[in-house]
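Have a look at the structure below, then the notes.
This structure is a prediction, so every number in the text was calculated from the model and none was measured. Counting starts at 1 for both ligands and their atoms, following the listed order.
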Amino acid sequence: MRAGVIGAGSIGGVVARALRDGSVPDAVLSGVLDPAGPPDLPVLTLDELLSTSDLVVEAAGQRALAELGPRVLAAGRDLLVVSVGALADDALLEELLAAGPGELHLSTGAIGGLDLLRAAARMAPLSRVTIETTKRAANLVQPWMSAAEAERLRTASAPVELMRGPARKVTAAFPKSANVAASVALAVGDWDAVEAVVVADPGAELTSHVITAQGTAGSYRFEIRNQPSPVTPTSSAVVPHAVLGAIAALAQPRVVFR
Ligand SMILES: NC(=O)c1ccc[n+]([C@@H]2O[C@H](COP(=O)([O-])OP(=O)(O)OC[C@H]3O[C@@H](n4cnc5c(N)ncnc54)[C@H](O)[C@@H]3O)[C@@H](O)[C@H]2O)c1
């Protein structure tokens with residue numbers, strides 16, 4: 001499998017270098033598309049990327065996914081999406097689903113348990129699905145915050161609940177930090193069933209996501225505590241490895257959980 005990467009930052013850069021260095025059997029790096037042009041990676045234009053890739057990984061952000069995702073799929077290339085939060089926009093999701101013949105895949109990214117939540121939700125609708133994300137306070141400052149609010153966050157000395165509400169609203173408010181809320185909503189197939197909470201904790205060394213759900217199938221609680229990426233602390237260091245696992249499963253589907 002020839003894999004191209006859009007966005008070679010903290011996630012895409014690790015993915016591209018691992019592919020370049022041969023760490024995924026049966027997968028090779030075709031190149032990367034990134035205006036920042038990392039000097040140690042083969043930088044291609046979009047047309048070059050599309051003509052030399054079987055699979056394209058989007059790790060560039062929500063706007064790039066909206067702009068480029070439909071073109072990737074329309075060119076017949078499969079697309080593995082990391083900026084899952086962009087799919088809170090129903091119109092974009094519908095556009096991507098209609099854009100084939102390439103296939104759309106979503107990265108599990110920073111969290112797990114999505115398979116079990118999907119199964120439980122299929123048995124009977126889940127009630128009270130929540131995902132509470134806690135990150136270091138300074139990494140949660142957003143452009144929509146007032147200067148005073150941003151400063152209060154940067155200098156907070158105790159945890160602060162920044163937002164609690166429907167997953168769609170929280171995903172839109174924290175586009176770099178609430179991809180996981182979108183992943184849970186897409187896994188259970190119901191945006192309105194999922195409440196998301198974002199907590200800023202000045203003392204948080206790790207980024208945590210606590211997912212809970214109740215339903216006929218059972219009662220669930222997943223607690224995930226990830227090391228932040230050393231490059232982009234809004235991301236978790238494990239995310240590129242989730243992407244590489246997905247590429248490995250697509251390139252050589254031998255023992256794959258589905
Ligand atoms: N699904 C998850 O669990 C999860 C977890 C963490 C991050 N994310 C998302 O993954 C995405 C990437 O995160 P990151 O930490 O690697 O970000 P990053 O800022 O480190 O890297 C993004 C890279 O994309 C490049 N880029 C921006 N616009 C581009 C465009 N139009 N075309 C090509 N390249 C472009 C930038 O130059 C940069 O190098 C973000 O949207 C983030 O929200 C998802």
Ligand 1 contacted by [X] (non-hydrogen, < 4.0 Å):
X      : answer
Val231 : no
Ser229 : no
Ala182 : no

State, with a plain yes or no, whether a side-chain heavy atom of [X] is found less than 4.5 Å away from one of [Y].
X      : Y      : result
Leu55  : Leu250 : yes
Asp78  : Asp54  : no
Glu58  : Leu68  : no
Arg17  : Leu41  : yes
Thr232 : Lys176 : no
Val184 : Leu114 : yes

Could you identify the single nearest non-hydrogen protein atom to [atom] and state the distance to 0.1 Å?
atom                    : answer
atom 28 (N) of ligand 1 : Ala60 O, 3.8 Å
atom 30 (C) of ligand 1 : Ala64 CB, 3.8 Å
atom 6 (C) of ligand 1  : Ser235 OG, 3.5 Å
atom 5 (C) of ligand 1  : Val239 CG2, 3.7 Å
atom 21 (O) of ligand 1 : Gly9 CA, 3.2 Å
atom 1 (N) of ligand 1  : Val82 O, 2.9 Å
atom 13 (O) of ligand 1 : Ile11 CD1, 3.4 Å
atom 39 (O) of ligand 1 : Asp34 OD2, 2.6 Å

Give the numbers and elements of all ligand 1 atoms closer than 4.0 Å to a heavy atom of [X].
X      : answer
Pro175 : 43 (O)
Ile6   : 32 (N), 33 (C)
Thr232 : 15 (O), 18 (P), 20 (O)
Ala110 : 2 (C), 3 (O)
Gly109 : 1 (N), 2 (C), 3 (O)
Leu33  : 33 (C), 34 (N)
Ala36  : 37 (O)
Ala59  : 12 (C), 22 (C), 24 (O)

Can you find an N or O of [X] that's nearer than 3.5 Å to an N or O of ligand 1?
X      : result
Thr108 : no
Ile111 : no
Asn179 : yes

Please tabulate, one pair per line, all N/O donor-acceptor pairs under 3.5 Å involving side-chain atoms of residues 24-34, not counting sequence neighbours.
unit_1	atom_1	unit_2	atom_2	d
Asp26	OD2	Gln252	NE2	2.8
Ser30	OG	Ala3	O	3.1
Ser30	OG	Gly4	N	3.2
Ser30	OG	Ser53	OG	2.7
Asp34	OD1	Ala36	N	2.7
Asp34	OD2	Ala8	N	2.7

Run down the list Pro233, Ser177, Ser10 and name the one with the heavy atom closest to atom 14 (P) of ligand 1.
-> Ser10
Given Pro38, Pro228, Ser83, Pro240, which has its nearest heavy atom closest to atom 11 (C) of ligand 1?
-> Ser83
Enter the distance from Arg154:CZ to Leu140:CG here, rounded to the nearest 0.5 Å.
-> 11.5 Å
Does one side chain, of Thr234 or Ser177, offer a donor that lies under 3.5 Å from an acceptor on the other?
-> no
ILVMFWY network linking Ile6 to Leu65, side-chain heavy atoms under 4.5 angstrom | yes
Only one of Val82, Val81, Val5, Val14 forms a side chain to side chain contact (heavy atoms under 4.5 Å, CB included) with Val243, so which one is it?
-> Val82
